[in-house]
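All figures in this text were calculated on a predicted structure; none of them were measured in a lab. In this chain, numbering begins with 1 at the start of the sequence shown.
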Amino acid sequence: MYILEVVGGPLDGKTWPFDRDITIGRDDAVAGACIKLDRYVSRRHAQLREEGGTLVLTDLSSRNGTKVDGRQVAGDAALGVGDRFQVGHTFLRVKRTAP
């Protein structure tokens with residue numbers, strides 16, 4: 001199990017637990033991680049999922065893009081536990097929960 005955590009932005013400190021995947025966006029009807037206070041986050045902005053033990057981050061054709069290490073994500077990007085990424089003006093990271 002994982003925890004998605006806001007580490008910079010309007011919801012600093014907010015967390016969402018997830019098992020296999022989570023959608024990030026501004027609309028709580030479609031996003032498991034809803035970031036309503038950041039107007040640069042799209043309704044369905046990005047998806048984070050586990051594939052074969054690897055975390056994969058996908059931009060969902062968002063208006064402002066998704067960044068890892070300051071670079072735009074084109075297609076899928078591998079993400080390590082603890083790596084920071086950006087949606088809109090919000091910075092996030094994934095942590096693994098203790099067993």
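Under a hydrophobic clustering in which Ile, Leu, Val, Met, Phe, Trp and Tyr are joined whenever their side-chain heavy atoms come within less than 4.5 Å, directly or via other members, Val87 and Leu4 fall into the same cluster. Taking hydrophobic clusters as Ile, Leu, Val, Met, Phe, Trp and Tyr residues chained together by side-chain heavy-atom distances below 4.5 Å, Phe18 shares a cluster with Leu11. When hydrophobic clusters are built by joining Ile, Leu, Val, Met, Phe, Trp and Tyr residues whose side-chain heavy atoms come closer than 4.5 Å, directly or via intermediates, Ile22 is not grouped with Phe91. Tracing side-chain contacts under 4.5 Å through hydrophobic residues (I, L, V, M, F, W, Y), one never reaches Val7 starting from Val41; they form parts of separate clusters. Val30 and Leu48 end up in different hydrophobic clusters when Ile, Leu, Val, Met, Phe, Trp and Tyr side chains are linked at under 4.5 Å.
The two atoms that bring Glu51 and Val56 nearest to each other are OE1-CG2, 4.0 Å, heavy atoms only. Of all heavy-atom pairs spanning Lys36 and Asp28, the tightest one is NZ-OD2, 3.5 Å. Heavy atoms only, all atoms of each residue included: Thr54 and Ala78 are closest at CG2-CB, 4.4 Å.
Taking a cutoff of 4.0 Å between a charged side-chain nitrogen and a carboxylate oxygen, Arg93 and Glu5 qualify as a salt bridge. At a threshold of 4.0 Å, the pair Arg49-Asp76 counts as salt-bridged, since one of the basic side-chain nitrogens sits closer than that to a carboxylate oxygen.
Here CG of Leu37 is found 8.5 Å from OG1 of Thr90. Values are rounded to the nearest 0.5 Å. Between the CD atom of Gln72 and the NZ atom of Lys67 there is a distance of 5.5 Å, given to the nearest 0.5 Å. Atom CG of Asp21 sits about 11.0 Å away from atom CG of Leu55, to the nearest 0.5 Å. A distance of 11.5 Å separates CZ of Arg96 from CD1 of Ile3, quoted to the nearest 0.5 Å. A distance of 8.5 Å separates CD in Gln86 from CG in Asp38, rounded to the nearest 0.5 Å.
Glu50 places a side-chain heavy atom less than 4.5 Å from the side chain of Tyr2. Residues Leu57 and Thr66 meet the side-chain proximity criterion, which asks for heavy atoms closer than 4.5 Å. A 4.5 Å side-chain heavy-atom check between Ile35 and Trp16 finds at least one atom pair inside the cut-off.
At distances below 3.5 Å, at least one donor-acceptor pair connects side-chain atoms of Asp27 with backbone N or O atoms of Ala29. Listed for the His45 side chain is no donor-acceptor partner under 3.5 Å among the backbone atoms of Ala31. One N or O on the side chain of Thr97 and one on the backbone of Met1 form a donor-acceptor pair closer than 3.5 Å.
No side-chain donor from either of Arg44 and Ser61 sits under 3.5 Å from a side-chain acceptor of the other.
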Next on the checklist: Determine whether Val73 and Thr58 satisfy the following criterion, side chain to side chain contact (heavy atoms under 4.5 Å, CB included), listing intermediate values before the conclusion.
Outcome noted: CA-CA 7 Å; Val73 171; Thr58 304; over 6 Å; no
Next on the checklist: What verdict does the side chain to side chain contact (heavy atoms under 4.5 Å, CB included) test give for Phe85 and Leu79, after you've listed the backbone C-alpha separation in whole Å, the side-chain angles of each residue and the deciding distance to 0.1 Å?
Outcome noted: CA-CA 9 Å; Phe85 65 97; Leu79 199 66; 3.5 Å; yes
Checklist entry - Can you check side chain to side chain contact (heavy atoms under 4.5 Å, CB included) on Asp83 and Val94, steps first, answer last? => result CA-CA 7 Å; Asp83 290 351; Val94 178; over 6 Å; no
Item to check | Ile24 and Gln47: CA distance, side-chain angles, deciding distance, side chain to side chain contact (heavy atoms under 4.5 Å, CB included) verdict | outcome: CA-CA 6 Å; Ile24 303 162; Gln47 181 187 47; over 6 Å; no
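Ring geometry for Tyr40 against His89 counts as tilted: the plane angle lies between 30° and 60°, on a 0 to 90° scale.
By the side chain to side chain donor-acceptor pair (under 3.5 Å) test, Ser42 is found to be paired with no residue, residues two or more places apart in sequence or in another chain being considered.
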